[in-house]
Amino acid sequence: MKITLKDGSTKEYSKSLSVYEIARDISEGLARMATSGEVDGEIVDLRYVVDKDCKLAILTFQDEKGRCAFWHTASHIMAQAVKRLYPDARLAIGPDIANGFYYDIDLEVSLTSDDFGKIESEMKKIVKEDLEITRFTKPRDEAIAYFCEKKEPYKVELIEDLPEDSIISFYQQGEFVDLCAGPHLLSTKYIKAFQLTSLAGAYWRGDEKNKMLQRIYGTAFPKKAELEAYLERMEEAKKRDHRKIGRELGLFMILEESPGFPFFMPKGMVLKNELLSYWRKVHERNGYQEVSTPIILSRKLWEQSGHWGHYQENMYTTRVDEDDFAIKPMNCPGGILAYRFEPHSYKDLPLRLGELGLVHRHEKSGQLHGLMRVRNFTQDDAHIFCTRDQIRDEIKAIATLIHEVYTFFGFTYKIELSTKPENSMGSQADWDQATTALHDALDDLGLPYIVNEGDGAFYGPKIDFHLEDCIGRTWQCGTIQLDFQLPQRFELEYTGADGEKHQPIMIHRVVFGSIERFIGILIEHFAGAFPLWLSPVQVRVLPISDKYLQYGEKVKEALQKIGARVEVDHRAEKIGYKIREAQMQKVPYMLIVGEKEEADALVSVRSRVAGDIGQKSIEDFVKAIQKELEI
């Protein structure tokens, strides 16, 4: 059999071999680092036996997909430790997640972080025992009987939801057996460095009507140094928490009276409006026209678009004049109605309609998180209507625009292309053509990307942009979605050069994604110390005493004439206190004024970054900041 490796090289074998055996044949070092394999696009166990020609990637912890088996194994080690310490514990689910793992546990004892030490000690024993991890299967009825005997009701419920002819897979390490699809490492010994990180409550299966379980979070790495580096990043992330900084800087608040619905305060509105102003400049330069569509639209429209059937559980509804309406969770149906406002010919296309639309989506209360996960947000949407021949160029233009915006803020990013999901609409031929168009556009630009099979929107494939912040975290923001379906459903048309009616293609895209979420990301990326153009307060004038307040106001007026955002600190406080307060508020420039400054029309300049800069004339400082404000 012929095995094609991810670097394009090939290996030939005369007999079937496991992924681990192939890794060892390639290199003993690779075998030691291997966590799992990818066979023809499917993630498999190291135990998986390859018996035919295929494409094979040996995955390690350095691969995003390879970390899954590592963290999944760590979750089982944690669950085994909990069962040893608390035999009456009932186990629910324990998946790998981004940056680690968790396990949901039903336990009468209320755990606290003080219990982490003894759980970790037991985990260390399990690792030291070097328990071989093996996989076996049972028919569904035998699997149910097994977990009934073990008094694990949550496992029984999971199995009962599977088809009657299902073959159920198990993983065992020592005395511990768990229901699991895998993959897992070959032994417990490979989990060298780990730490439990937090506790939370979690309803069984995410349903508020079910019992609240205890969720233990943790992370693990092959080396202690990697764990320590990760924990340092997490400590830095806590300092940068946008909820904490947002309150300290007076940017926004979320109250019990409006869970998931943020209030933006005056300084937060300055920040938001500056982002929107920048967005408008970029889009006007790139040939977009801005529209605004209603927040509430008829149920009939949402049924026609398919959202009522595919997304209803996340929509807020109301009644108007005895008819059903929905508060829009997305802007696209409104964009379609805007397109239909007047007839179009091929000469009008591509037609790029941008919208800063307020949308509402029902999120479960346990999923809400500051500005990162809210129930209403402003989506920087655009809907592009084009011909089939224009698709590739439009995708390339959007990707270029997104690159311009992200690099302007100092972000790097990665790209994922997501393909047809199970609950899709439309013909396979349209999906194939749409997916090929996205592939071709990215290839033309020379942009690296990975394929995320089956994760597209229900109406078309998509490209997602995952930006990386200054401490290495990734955030999914920008997206490009190619849609052959909604133009069909709404019978959109344009007149072609042949005088006949044709159907346009619709491209959905966002850059920021959600303005609110992007603000949260920016707060954490900059730790509240925004660049000058984006800072809610750009300059604070600090009079040494009340005698110089009038001169401070004169300085303020000179700066306001060039559009700078300026405050004068009128408080009867010592100058050292005023400086510290301005620094805590992340103000880019502080201007100290007293007797000498007033006499000579000067300001003593202090920078947030550089500290004391020295004295400058008002005129020179105004010119300098005016130049710096140009973006």
Side-chain angles (χ1 to χ4, degrees), residues 6 17-39 42-50 56-85 91 93-103 116-117 119-136 169-197 216-231:
K6 62 181 177 180
L17 294 172
S18 70
V19 172
Y20 177 74
E21 288 171 327
I22 294 172
R24 192 170 58 185
D25 179 66
I26 296 169
S27 148
E28 286 291 342
L30 179 60
R32 284 194 300 271
M33 295 188 296
T35 62
S36 54
E38 185 174 10
V39 176
E42 179 185 357
I43 305 302
V44 299
D45 221 272
L46 290 174
R47 303 160 189 77
Y48 180 87
V49 175
V50 179
L56 171 65
I58 306 296
L59 302 177
T60 72
F61 190 84
Q62 302 310 312
D63 299 298
E64 184 175 353
K65 295 176 181 178
R67 291 192 280 274
C68 297
F70 194 92
W71 284 330
H72 204 168
T73 301
S75 78
H76 277 211
I77 291 173
M78 180 180 73
Q80 184 178 11
V82 170
K83 288 288 285 185
R84 285 184 177 183
L85 295 168
L91 302 179
I93 59 172
D96 60 275
I97 56 174
N99 298 318
F101 57 90
Y102 70 78
Y103 217 113
F116 285 173
I119 297 174
E120 289 171 349
S121 293
E122 195 63 39
M123 290 174 69
K124 290 176 183 176
K125 292 179 184 176
I126 294 167
V127 171
K128 192 174 182 180
E129 288 170 18
D130 185 13
L131 300 175
E132 181 185 4
I133 302 173
T134 57
R135 181 182 182 274
F136 63 91
S169 64
F170 295 75
Y171 280 83
Q172 181 168 4
Q173 53 199 50
E175 82 286 356
F176 180 78
V177 179
D178 203 357
L179 168 72
C180 190
H184 281 276
L185 304 183
L186 297 177
S187 166
T188 61
K189 72 177 181 180
Y190 297 106
I191 308 298
K192 300 291 187 183
F194 54 84
Q195 184 165 315
L196 304 185
T197 55
I216 308 175
Y217 286 95
T219 192
F221 290 84
K223 297 178 182 178
K224 185 178 179 181
E226 293 173 317
L227 173 64
E228 290 174 347
Y230 169 79
L231 295 175

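Atoms considered below: every heavy atom in the structure, side chains included; atoms not considered: hydrogens, waters and symmetry mates.
For the residue pair Pro183 and Ile43, the shortest heavy atom distance occurs at CG-CG2, 4.0 Å. The shortest non-hydrogen separation linking Ser36 to Gly66 is OG-CA, 4.0 Å. The minimum heavy-atom distance linking Asp178 with Tyr103 is given by the pair OD2-OH, 2.5 Å. Considering all non-hydrogen atoms of both residues, Pro222 and Lys192 come closest at O-CB, 3.1 Å. The two residues Val177 and Phe136 come nearest to each other via the heavy atoms CG1-CZ, 3.8 Å. In terms of heavy atoms, Ala74 sits closest to Phe101 at CB-CE2, 3.5 Å.
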Apply side chain to side chain contact (heavy atoms under 4.5 Å, CB included) to Glu120 and Gln195, showing your working.
CA-CA 7 Å; Glu120 289 171 349; Gln195 184 165 315; 3.6 Å; yes
Start with the C-alpha distance between Val19 and Val44, add both sets of side-chain angles, then the distance that settles side chain to side chain contact (heavy atoms under 4.5 Å, CB included), and finish with yes or no.
CA-CA 8 Å; Val19 172; Val44 299; 4.0 Å; yes
Between Met123 and Leu196, is a side chain to side chain contact (heavy atoms under 4.5 Å, CB included) present by the stated rule, with each step listed?
CA-CA 10 Å; Met123 290 174 69; Leu196 304 185; 4.1 Å; yes
May I have the step-by-step check of side chain to side chain donor-acceptor pair (under 3.5 Å) for Asn99 and Thr219, ending in yes or no?
CA-CA 6 Å; Asn99 298 318; Thr219 192; over 6 Å; no
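Atoms CZ and CG, on Phe221 and Leu231 in that order, are 7.5 Å from each other to the nearest 0.5 Å. The CD atom of Gln80 sits 4.0 Å away from atom CD1 of Ile126, with the distance rounded to the nearest 0.5 Å. Separation of atoms CD (Glu21) and CG (Leu46) is listed at 11.0 Å; rounding is to 0.5 Å. Here NZ of Lys65 is found 12.0 Å from OG1 of Thr35. Values are rounded to the nearest 0.5 Å. In this structure, CZ on Arg135 lies 10.5 Å from OH on Tyr48, to the nearest 0.5 angstrom. From Ile58, atom CD1 reaches atom OH of Tyr20 across 11.5 Å, with rounding to the nearest 0.5 Å.
For Tyr102 and Trp71, the ring centers are positioned 6.0 Å apart or more. Annotation: Tyr190 is not in aromatic contact with Phe70 [ring centroid separation under 6.0 Å not met].
Ion pair Lys6/Asp63 flagged as a salt bridge, since at least one NZ, NE, NH1 or NH2 atom sits closer than 4.0 Å to an Asp/Glu carboxylate oxygen. Between Arg84 and Glu175 a salt bridge is recorded (basic side-chain N to carboxylate O distance below 4.0 Å). Salt-bridge annotation for Arg67 and Glu226: absent, with no side-chain N of the basic residue lying under 4.0 Å from a carboxylate O of the acidic one.
With a 4.5 Å cut-off on side-chain heavy atoms, Val39 and Leu56 count as touching.
Checked by atom type and distance alone, the side chain of Thr188 pairs as donor or acceptor with a backbone atom of Leu131 at under 3.5 Å.
Under the 30°/60° scheme for interplanar angles, the aromatic rings of Phe176 and His76 are found to stand perpendicular. Between Tyr171 and His184, the ring planes are tilted. Angles from 30° to 60° get that label.
Within a 6.0 Å radius of CD in Glu129, other residues, nucleotides and ligands contribute more than 12 heavy atoms.
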